[in-house]
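Letters A, B, ... are given to chains in the order of the sequence lines, protein chains preceding strands, and every chain is numbered from 1.
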Amino acid sequence: MPELPEVETIKRDLSKLIAGGKILDLTTDSAKQVLPSLEKVEKAIVGTTIAKIGRRAKLLQIFLSNNKILVFHLKLTGRILIREKGAPKDDWQHITIKLKVENGNLPAGKAGLKNKNLELRFCDSRKFGWVKLMTNEELRITNQEYGPEPLGDLSLKTFREIVASTRRPIKVLLLDQKKIAGIGNIYANDALNLAKIHPARKSNQLTNEETKKLFNAIKKVLKAGIKCRGASDQYYLDALGHRGSYQDHFLVYARAGKPCRNCDGKIEKMKLAGRGTYFCSECQK
DNA sequence: AGTCGCCTGGTA
DNA sequence: TACCAGGCGACT
């Protein structure tokens with residue numbers, strides 16, 4: 001499931017692969033995922049060029065030369081793949097944006113993509129994801145609805161305020177995008193294990209010391225995720241279709257019954273607010 | 001705070 | 001064949 005590190009990886013890939021490219025065409029077999037409508041988006045984007053790529057929370061943003069922004073949410077199973085025109089159809093390929101990329105800061109070994117007709121393919125098994133055309137003002141409002149970026153503007157002081165503001169379980173708070181942006185189930189579970197905090201602990205009952213440890217643990221696991229180019233547990237692939245490797249370093253996520261990497265304990269699984277929650281009851285108190 | 005819906009593929 | 005996976009909004 002694409003969370004902050006996965007979307008950040010795609011953002012960096014796209015910056016190299018398609019920045020400067022011209023949009024030729026938009027097609028889909030799943031119009032419900034194109035907002036506000038296929039017709040409006042197609043009309044607005046065809047003929048524009050890609051100015052830059054951005055990310056906010058789990059949203060991927062493609063800034064266009066006409067001041068509009070294409071915003072993608074990958075939800076659980078979304079992929080954004082860059083392929084050469086005519087490449088074999090990808091699994092669950094539902095939205096295709098044809099591009100002409102004259103040049104670009106292509107990575108080593110990808111010089112062959114220069115002056116090529118490429119396709120940005122949005123693939124999504126579950127069809128929960130979407131792409132939405134926004135104005136600058138709409139994007140500003142959307143960005144405002146998210147909490148601070150854990151690898152950006154989130155300070156320890158602000159984090160302390162957020163943690164102290166609620167009695168909800170700390171893990172549920174970490175998943176609340178309005179409070180803190182970009183953390184999903186994988187990194188929430190792992191950050192709590194690294195900080196040795198039980199996921200069901202009431203947020204406002206964390207000590208100052210625990211809060212600081214958690215703040216640092218969040219940054220650490222997110223940075224590890226980015227360094228590994230994301231977690232390819234099931235669906236996630238980067239923009240060139242390659243798997244990430246953070247799944248090889250999961251501390252607790254999806255590791256029920258396996259040994260804790262911190263202590264002699266065994267990873268347990270529970271439900272918290274309806275979501276699978278993994279922890280070690282030996283070292284997470 | 002809990003449940004449902006959006007969907008589909010993988011697993012018990 | 002039933003159930004589970006989970007981001008996130010809507011509803012109760």
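Taking side-chain N and O atoms only, A/Arg275 has no distance below 4.0 Å to OP1 or OP2 of C/dA5. For the OP1/OP2 pair of B/dG5 and a distance below 4.0 Å, the side-chain nitrogens and oxygens of A/Lys75 include no atom meeting the criterion. Dashed line: the shortest gap from a side-chain N or O of A/His73 to OP1 or OP2 of C/dG7 is not under 4.0 Å. Within the structure, a side-chain polar atom (N or O) of A/Trp92 is placed less than 4.0 Å from OP1 or OP2 of B/dG9. Between A/Lys271 and C/dC4 there is no side-chain N or O to OP1 or OP2 distance below 4.0 Å.
Contacts of A/Lys269 with the nucleic acid, taken as non-hydrogen atoms under 4.0 Å apart, involve only primed sugar atoms and P, OP1 or OP2. A/Lys127 comes within 4.0 angstrom of the backbone, heavy atoms only, and of no base. In this structure, A/Gln234 reaches neither bases nor backbone, as no heavy-atom distance under 4.0 Å exists between it and the strands shown.
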Subject >> Base-pair map of DNA chain B as dot-bracket, where | denotes pairing with a different strand and pairs are Watson-Crick or G-U under 3.5 Å >> reply: ||||||.|||||
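Taking the nucleotide of DNA chain B with the nearest heavy atom to each of A/Arg168 and A/Tyr235, the more 5' of the two is matched to A/Arg168. Nearest-nucleotide positions on DNA chain B for A/Gly274 and A/Phe128 put A/Gly274 closer to the 5' end. Residue whose closest nucleotide on DNA chain C sits further toward the 5' end, between A/Gly276 and A/Glu145: A/Gly276.
Distance CH2 (A/Trp130) to C1' (C/dC8): 10 Å, rounded to an integer number of Å. Residue A/Asp124 contributes atom CG, which lies 12 Å from atom C1' of B/dG9 at whole-angstrom precision. As a whole-Å value, the separation of A/Leu59 CG from C/dG7 C1' is 11 Å. Put simply, OH on A/Tyr253 is 8 Å from P on C/dG7, counting in whole angstrom units. Between the CG atom of A/Leu35 and the C1' atom of B/dC6 there is a distance of 13 Å, rounded to whole Å. Distance A/Lys178 NZ to C/dG9 C1': 8 Å, rounded to the nearest Å. Whole-Å rounding puts the A/Leu272 CG to B/dG2 P distance at 9 Å. Taking atom CD1 on A/Ile180 and atom P on C/dC8, their separation rounds to 13 Å, with Å as the unit.
Between A/Tyr246 and A/Phe250, the two ring planes are perpendicular [angle over 60°; tilted spans 30° to 60°].
At a threshold of 4.0 Å, the pair A/Lys213-A/Glu209 does not count as salt-bridged, since none of the basic side-chain nitrogens sits closer than that to a carboxylate oxygen.
Its side chain within the 4.5 Å cluster rule, A/Met270 clusters with A/Val172, A/Leu272, A/Phe279 among the Ile, Leu, Val, Met, Phe, Trp and Tyr residues.
Here the separation of B/dT3 from C/dC3, taken at their P atoms, is 15 Å to the nearest Å.
Side-chain atoms of A/Asn189 and A/Asn193 form no donor-acceptor pair, as typed in the model, at a separation below 3.5 Å. In this structure, a donor-acceptor pair under 3.5 Å is present between the side chains of A/Lys171 and A/Thr277.
With rounding to the nearest 0.5 Å, the separation of NZ in A/Lys98 from CG in A/Leu118 is 12.0 Å. For the atom pair CZ of A/Arg79 and CG of A/Leu74, the computed distance is 11.0 Å after rounding to the nearest 0.5 Å. Atom CG of residue A/Leu59 and atom CG of residue A/Leu4 lie 11.0 Å apart, to the nearest 0.5 angstrom.
In this structure, of C/dA5, C/dC8, C/dG7, it is C/dC8 that holds the atom nearest to the side chain of A/Gln177. The listed nucleotides are B/dG9, C/dC8, C/dA5; the one nearest the side chain of A/Ser125 is B/dG9.
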